[in-house]
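Single-structure report; data block below.
Every chain is numbered from 1, with letters handed out A, B, ... down the list of sequences. Hydrogens, waters and symmetry mates play no part in the numbers below; they use all other heavy atoms, side chains included.
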Protein chains: 2
Amino acid sequence: MSSVRHDRESVSALALDLLDRVGLPDLSMRRLAAELDVQPSALYWHFGSKQELLAAVSDRILAGVPERGPEADLPTVASGIRDALLAYRDGAEVVMSTHALGLGDARAPGALRAVLGDDAAADALFAFILGHTMLVQQRMHAQSVGAAESPDHDPSPDADRVFHAAVRAFAAISPAVRSR
Amino acid sequence: MSSVRHDRESVSALALDLLDRVGLPDLSMRRLAAELDVQPSALYWHFGSKQELLAAVSDRILAGVPERGPEADLPTVASGIRDALLAYRDGAEVVMSTHALGLGDARAPGALRAVLGDDAAADALFAFILGHTMLVQQRMHAQSVGAAESPDHDPSPDADRVFHAAVRAFAAISPAVRSR
DNA sequence: ACCTGAACACCGTTCAAGT
DNA sequence: ACCTGAACACCGTTCAAGT
């Protein structure tokens with residue numbers, strides 16, 4: 001007896017938890033189903049496909065970033081997005097592939113557009129944040145193999161410095177792009 | 001009778017061709033083996049794993065970018081890398097995952113470092129180029145579904161404008177980062 | 001509304017054995 | 001040096017049927 005019934009929320013919540021524990025390559029529908037004490041086919045009642053599930057996971061990862069920060073400045077918004085990605089293992093990769101497929105909500109790029117006032121520049125900055133964070137997370141994971149220590153979720157001070165310099169640079173090009 | 005013997009070059013060359021025809025999700029070891037008229041296990045004599053094969057494919061994609069362009073300026077080098085990624089379907093995604101795992105040669109980031117003179121800024125710019133191009137390619141592929149027309153390999157003028165603005169911005173932050 | 005059981009059409013990878 | 005044959009341990013997804 002499986003004893004518990006599930007819905008979209010509980011399934012995507014455990015999927016996010018499983019992602020953080022085992023990483024994206026080991027996050028399979030079958031393994032997720034096993035942790036839910038359910039047959040793999042049961043997942044397809046809640047989500048049409050694995051990509052749709054991953055889109056829900058992506059939305060969960062970015063749920064903490066405010067859609068509209070009227071008083072927030074660009075560095076705060078950009079750091080907020082990056083920190084949200086860093087909070088879960090392979091977070092950047094999940095959001096990247098979801099965003100690339102046009103799935104998931106537009107929360108993060110929306111927040112960047114609001115504060116930058118330039119859609120193209122905002123999208124470029126989002127692309128940088130995703131690419132940069134993906135590489136940072138991969139470096140962290142490569143380190144944690146052999147380190148045998150707590151796989152910390154913080155980027156190096158060096159990576160942090162480059163990140164903020166890049167954010168400032170994108171802020172600078174925003175008006176230049178608009179004056180086409 | 002399989003009639004032909006293969007080596008690393010011929011295998012990775014057909015892998016690149018297959019990638020361009022079917023895309024990364026359909027590029028499987030078994031399908032590649034079938035096109036080579038060979039058993040899947042034969043591929044493992046040439047490459048230790050699929051990732052190692054993809055690293056060779058990644059190197060092929062970037063083979064055209066000059067390691068050192070003493071007379072080349074930043075926009076030329078950056079555009080050269082982006083155009084190399086755009087030349088094959090899912091090129092950016094292959095290079096991104098390869099680079100994230102620390103595999104493949106360091107040709108592209110090396111060229112950026114040489115012209116930028118700042119390793120951290122060069123890595124940040126490479127992360128942007130990969131992220132931005134990945135999103136551009138995905139948009140192109142999404143368009144080509146339903147368009148039923150030639151899946152063209154060129155970015156929109158809009159994406160091109162943002163790209164160059166971002167490149168200029170990264171050039172601007174390079175000295176700022178160095179003066180720590 | 002939510003899930004089971006069973007199947008379909010695949011994967012990457014290993015390894016002894018062949019030529 | 002390069003490949004076959006056979007197996008292992010998996011995948012995502014569909015669909016009739018159950019409760």
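Ion pairing of Asp26(B) with Arg89(B) is absent here, as no side-chain N (NZ or NE/NH1/NH2) approaches a carboxylate O to less than 4.0 Å. The pair Asp160(B)-Arg82(B) meets the salt-bridge criterion, since a charged nitrogen lies less than 4.0 angstrom from a carboxylate oxygen. Under the 4.0 Å criterion applied to side-chain N and carboxylate O atoms, Arg30(B) and Glu35(B) are not assigned as salt-bridge partners.
Judged as a salt bridge (charged side-chain N to carboxylate O under 4.0 Å, His left out), and not counting sequence neighbours, Asp83(B) has no contacts.
The side chain of Ser28(A) places an N or O atom within less than 4.0 Å of a non-bridging phosphate oxygen (OP1 or OP2) of dC11(D). Distances shown here put a side-chain N or O of His6(B) below 4.0 Å from the OP1 or OP2 atom of dC3(D).
Using a 4.0 Å heavy-atom criterion, one finds that Ser41(A) contacts the bases of the nucleic acid, with or without backbone contacts as well.
Listed nucleotides: dC11(D), dG12(D), dA1(D). Nearest to the side chain of Arg31(A): dC11(D). You'll find that the side chain of Arg30(B) is closest to dG12(C), out of dC3(C), dG12(C), dG12(D). Set against dA1(C), dT4(C), dA1(D), the side chain of Arg5(A) has dA1(C) as its closest nucleotide.
Between Asp7(A) atom CG and dC2(C) atom P the separation is 7 Å, expressed in whole Å. As a whole-Å value, the separation of Asp37(A) CG from dT4(C) C1' is 13 Å. Remark: P of dT4(D) and CH2 of Trp45(B) are 14 Å apart, rounded to the nearest angstrom. Between the CZ atom of Phe47(B) and the C1' atom of dT14(C) there is a distance of 18 Å, rounded to whole Å. We find that OH of Tyr44(B) is positioned 17 Å from P of dA16(C), with the value rounded to whole Å. Computed from coordinates, the His46(B) NE2 to dT13(C) C1' distance equals 16 Å when rounded to whole Å. In this structure, Leu24(A) places its CG atom 14 Å from C1' of dC11(D), rounding to the nearest Å. Between the P atom of dT14(C) and the CG atom of Leu43(B) lies a distance of 13 Å, rounded to the nearest Å.
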### Nucleotide-level pairing of DNA chain C, given in dot-bracket where Watson-Crick and G-U pairs need both distances under 3.5 Å and | marks other strands
||.|||||...|||||.||

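Annotation: dA16(C) and dC3(D) have their C1' atoms spaced 13 Å apart (nearest Å).
Counting heavy atoms from C-beta on, the side chains of Leu74(B) and Leu125(B) come closer than 4.5 Å.
Side-chain atoms of Ser79(A) and His164(A) form a donor-acceptor pair, as typed in the model, at a separation below 3.5 Å.
Between Leu27(A) and Gln39(B), the residue anchored nearer the 5' end of DNA chain D, judged by the nucleotide with its closest heavy atom, is Gln39(B).
Here the OH-CZ distance, from Tyr88(A) to Arg21(A), works out to 12.5 Å after rounding to the nearest 0.5 Å.
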